[in-house]
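In the text below, chain A, chain B and the rest are named by the order of the sequence lines, each starting its count at 1.
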2 protein chains.
Amino acid sequence: MARIHNDETGTREQILSCAARLFRTEGYAAVTLRGIAKAIGMTTGSLYYHFSSKEDIVREILDQGHKRVFSEVRGAIEALGENAPCEAILKAGIQKHIECLLGEDSFPSANTRIFAHVPVEVRAPTLGERHKYELYWTDILKSCQKRGAIHPDINPHTLSLLLFGAMNWTLEWYKPGRHGIESIADNLVLLVLRGPKVGARQDGERTPSKVRSVRSVAAKA
Amino acid sequence: MARIHNDETGTREQILSCAARLFRTEGYAAVTLRGIAKAIGMTTGSLYYHFSSKEDIVREILDQGHKRVFSEVRGAIEALGENAPCEAILKAGIQKHIECLLGEDSFPSANTRIFAHVPVEVRAPTLGERHKYELYWTDILKSCQKRGAIHPDINPHTLSLLLFGAMNWTLEWYKPGRHGIESIADNLVLLVLRGPKVGARQDGERTPSKVRSVRSVAAKA
DNA sequence: CGACATACCTAACAACCGTTATTTTCAAAC
DNA sequence: GTTTGAAAATAACGGTTGTTAGGTATGTCG
């Protein structure tokens, strides 16, 4: 039939996901094309039928890794509706971001793990998209601050960077058996949120409702 | 005179600090012995008079990098005296940790930057010391929580890991001109501290004294 | 002066890297 | 049954890696 030759077998995707898994665990420079090829039962030269260079492979992994996190996080937050409470918004965004990083899909984790060590010519074109994600979070935090859920003296942009650090660094210590992802997210939300209100209530924001125990929340999962 | 031959010239230290600077900026695998040698005006083979392997070099950098941060942070905190307010303790520890990472000394930054990408046989022996530092911070946070300065529902150990993330990740975004280190530390302290008190006062802890504006504090620097 | 250890250089080794050109396999199309 | 083209294998290229062996200055000490 008139099938376009694109990828019936999905070999290209197989190369990418396998490379992402290796990048995630071993870092950028330590991963060789021979290693990728061997891991999927191929020969080194055959990779060049699907990709034109090693940088070409890593470029697409960075791209997809970033897009998946962004769209997942945005989807989780938008699913809450227009005027959801700040606590719910932060909880949804933070948890989804961490879930993407620690999940089985290696693209997001490979992205944050090797980004700093990748050649500048492949890193530079991605800076624009990264900045958009940064702005997306900054706007959310700014809005939460305006609604009184975040300490008024905190700089929203700095907060977004510190929050990225806390979230992305989970890659360095998270062990599936010992920690629960939702529990981590709950702890982080408690950090970002201002404790039970102090000043006057601002607008439609309901009082943070005393934010019940993290342990009990995590226990039900 | 009866000078011990040790290192009158300091060549060994020169190699280490130069290698640390390269590791900090380029990552582990990207740094070659030829690169280190050329950077200090030496030949590749000569390095082997001072060190027995590349792993030997990176091993010592990891060691020193970690020790410097630990002793600096502990020194800054102990200088505050026995019963200093939690806010001061956290401020001192967080700021010193970040200062070590972002300062001119490349050992601490090289340590946190390449640790995950270093061969297991050089990483494993350092895990004990790293765990001590983790426990040190966890104890501090636990104590602050007992004194009512940290939200009671937060898990102190998880908090220490999230805090490490926020601090260590500054390496990925800090630009000397655009941000001030003390301002970053102030923002982070505001996050960790529970907002102005809500429940009953706990013990000798003075009320957080309304934690004056981060911007004004940063402006005076 | 000669013995000797220190500190460095020179040149090369085997192994591995990304990349390329050429060849083989093999299923669908005519 | 022959042709065709995609997909993979083969084998090699130049270059770089960590590492090593052997040589060369430069002093110090007896």
For A/Tyr48 and C/dT20, what is the distance between atoms OH and C1' respectively, to the nearest whole Å?
9 Å
Measure CG/A/Leu22 against P/C/dG18 and give the value in whole Å, please.
12 Å
Pick the nucleotide of DNA chain C nearest each of A/Gly45 and A/Thr32; which residue has the one closer to the 5' end?
A/Thr32
A/Ile36 CD1 to C/dG18 P, in whole Å, measures 8 Å
Rounding to a whole Å, what distance do you find between B/Ile15:CD1 and C/dA7:P?
11 Å
Aromatic rings B/Phe23 and B/Tyr28: how do their planes relate, parallel, tilted or perpendicular, breaks at 30° and 60°?
parallel
Separation of atom CE in A/Met42 from atom P in C/dG18, rounded to whole Å
16 Å
Hey, does the side chain of B/Tyr49 come within less than 4.0 Å of C/dC8's phosphate (OP1/OP2), counting only N and O?
no
Return the value, rounded to whole Å, for the distance between atom CZ of B/Phe51 and atom C1' of D/dT19.
16 Å
Residue among A/Val192, A/Leu193, A/Ile150 satisfying side chain to side chain contact (heavy atoms under 4.5 Å, CB included) with A/Cys144
A/Ile150
Evaluation steps, side chain to side chain donor-acceptor pair (under 3.5 Å), between A/His131 and A/Tyr136
CA-CA 9 Å; A/His131 191 58; A/Tyr136 176 75; over 6 Å; no
Using distance alone, with no hydrogens and no angle criterion, decide if B/His157 and B/Glu134 have a side-chain donor and acceptor under 3.5 Å apart.
yes
Checking C/dC8, D/dT19, C/dT19 against the side chain of A/Arg34 (C-beta onward), the nearest is C/dT19
How many Å lie between CZ on A/Arg12 and C1' on D/dA7, as a whole number?
15 Å
Side chains of B/Ser106 and B/Arg24 only: does a donor on one sit below 3.5 Å from an acceptor on the other?
yes
Under 4.0 Å between a side-chain N or O of B/His50 and OP1 or OP2 of C/dC8?
yes
Distance below 4.0 Å between B/Thr11 side-chain N/O and C/dC8 OP1 or OP2:
yes
Using whole Å, what does the distance between atom C1' of nucleotide C/dG18 and atom NZ of A/Lys38 come to?
16 Å
Please determine whether a side-chain nitrogen or oxygen atom of A/Thr44 lies at a distance below 4.0 Å from atom OP1 or OP2 of C/dT19.
no
Heavy-atom donor-acceptor pair, A/Ser46 side-chain to D/dA7 base, under 3.5 Å:
no
